Amino acid sequence: MDGSSLKSAQLLEQMRLHMATDAGKDIAKKVGLVYQFNIAPKKIGVDEEIFVVDLRKGEVTKGPYDGKPDATFSFTDSDFLSIALGKMNPQIAFIRGAIKIKGSISAAQKFTPDIFPKPSKL
């Protein structure tokens, strides 16, 4: 995830490494969905960087998904980190407008802090 100024990129790099572990493979088996994250430095829709967390293959990549992801999330760098680290509830963030979601709502509901490596591993 080189060349990114986003703090989220560091977390997603940790997740990419985590996917190679047994715990990461278990998450991929359990969730089995593809998420695309459009992460903006300050304002949703402006200068977004795109990352894909493929929990079918157990991969994290930079750039848009080739095909149709199960759910696409748009949020700011700080809101993404808050959600990923369990400091903000994804449903509350959606209600407040901190997240925009496209795609399957049932897939989006499986997006929880549990899919990320625990902060002690960061």
Side-chain angles (χ1 to χ4, degrees):
M1 312 298 152
D2 295 337
S4 175
S5 60
L6 299 176
K7 291 178 185 159
S8 302
Q10 296 167 0
L11 176 67
L12 288 161
E13 175 61 19
Q14 290 293 323
M15 186 170 188
R16 187 182 69 77
L17 299 171
H18 182 65
M19 284 290 118
T21 68
D22 289 341
K25 289 174 186 163
D26 287 346
I27 291 167
K29 273 187 217 155
K30 194 166 86 176
V31 179
L33 297 167
V34 177
Y35 294 121
Q36 179 171 301
F37 300 135
N38 300 340
I39 305 173
K42 298 217 177 338
K43 186 175 180 213
I44 292 175
V46 180
D47 298 329
E48 290 178 328
E49 291 186 31
I50 299 172
F51 299 89
V52 173
V53 176
D54 186 334
L55 295 176
R56 287 189 192 132
K57 296 180 186 170
E59 297 176 338
V60 178
T61 55
K62 188 171 181 185
Y65 184 62
D66 186 23
K68 188 174 181 219
D70 293 295
T72 300
F73 297 89
S74 298
F75 25 38
T76 63
D77 194 26
S78 59
D79 287 339
F80 173 76
L81 285 173
S82 295
I83 293 164
L85 298 174
K87 294 177 182 170
M88 186 190 301
N89 179 306
Q91 285 85 3
I92 300 293
F94 177 73
I95 292 165
R96 288 185 183 159
I99 300 179
K100 294 193 186 327
I101 301 171
K102 286 184 189 157
S104 164
I105 293 300
S106 63
Q109 288 174 328
K110 292 183 181 174
F111 169 68
T112 66
D114 300 337
I115 68 171
F116 295 95
K118 299 296 168 255
S120 62
K121 293 181 181 173
L122 293 178

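As a basis for the values below, the full set of heavy atoms in this structure was taken, side chains included, without hydrogen atoms, waters or symmetry mates. Just so we're clear, the structure is a prediction, and the values are computed from it rather than from any experiment.
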Worksheet item: Which value, rounded to the nearest 0.5 Å, describes the distance between I99 atom CD1 and I92 atom CD1?
Response: 10.5 Å
Worksheet item: Can we call the ring centroids of F75 and F80 under 6.0 Å apart?
Response: yes
Worksheet entry | Neighbour count >12 (heavy atoms, 6.0 Å) for atom CG, D26 | yes
Fill in: Test item: I115 and M15 side chains (from C-beta on) under 4.5 Å apart, heavy atoms
yes
Worksheet item: Between A28 and G58, what is the shortest heavy-atom contact and its length?
Response: CB-CA, 4.2 Å
Worksheet item: Backbone N or O of E59 within a donor-acceptor pair of the D54 side chain at under 3.5 Å?
Response: no
Item to complete: Take the angle between the ring planes of Y35 and F111 and call it parallel below 30°, perpendicular above 60°, tilted in between.
Response: perpendicular
Practice prompt. Would you name the heavy atoms of I27 and H18 that are closest together and state the gap between them?
Written response: CD1-NE2, 3.8 Å
Worksheet item: Under a 4.5 Å cut-off applied to non-hydrogen side-chain atoms, are L81 and S8 in contact?
Response: yes
Practice prompt. Quick one: pull up NZ in K100 and CZ in F94 and give me the separation to the nearest 0.5 Å.
Written response: 9.0 Å
Worksheet entry | D70 side-chain N/O to V34 backbone N/O, donor-acceptor pair under 3.5 Å | yes
Worksheet entry | K102 NZ to T72 OG1 distance, which is reported to the nearest 0.5 Å | 7.0 Å
Worksheet item: Given side chains that start at C-beta, do those of K30 and L55 come closer than 4.5 Å, heavy atoms only?
Response: no
Worksheet item: When rounded to the nearest 0.5 angstrom, what is the spacing between OG in S78 and NZ in K87?
Response: 11.0 Å
Response to the item:
Taken to the nearest 0.5 Å, the spacing of Q36 CD from S74 OG works out to 8.0 Å
Fill in: Joint cluster assignment, F37 & I101, ILVMFWY side-chain distance < 4.5 Å
yes
Practice prompt. Specify the closest pair of heavy atoms between K62 and E49, including all atoms of both residues, with the distance to one decimal.
Written response: NZ-OE1, 3.2 Å
Fill in: Single-linkage hydrophobic cluster, 4.5 Å side-chain cutoff, V52 and L11 together
no
Worksheet item: Closest approach of S4 and A9, non-hydrogen atoms and distance?
Response: OG-CB, 3.4 Å
Worksheet entry | Over 12 non-hydrogen atoms of neighbours within 6.0 angstrom of CZ in R56 | yes
Discussion item. Just verifying a value: how many Å separate M19 CE and K57 NZ, rounded to the nearest 0.5 Å?
Written reply: 14.0 Å
Discussion item. Contact between L12 and I39 at the side-chain level, heavy atoms closer than 4.5 Å - yes or no?
Written reply: yes
Worksheet item: Any idea which heavy atoms bring A98 and D79 closest together, and the distance?
Response: CB-OD2, 3.4 Å
Fill in: Atom of A40, atom of G45 and distance for their closest heavy-atom approach
CB-N, 4.3 Å
Worksheet item: With Y65, which residues qualify under ring-ring contact (aromatic ring centres under 6.0 Å, His included), at least two apart?
Response: none
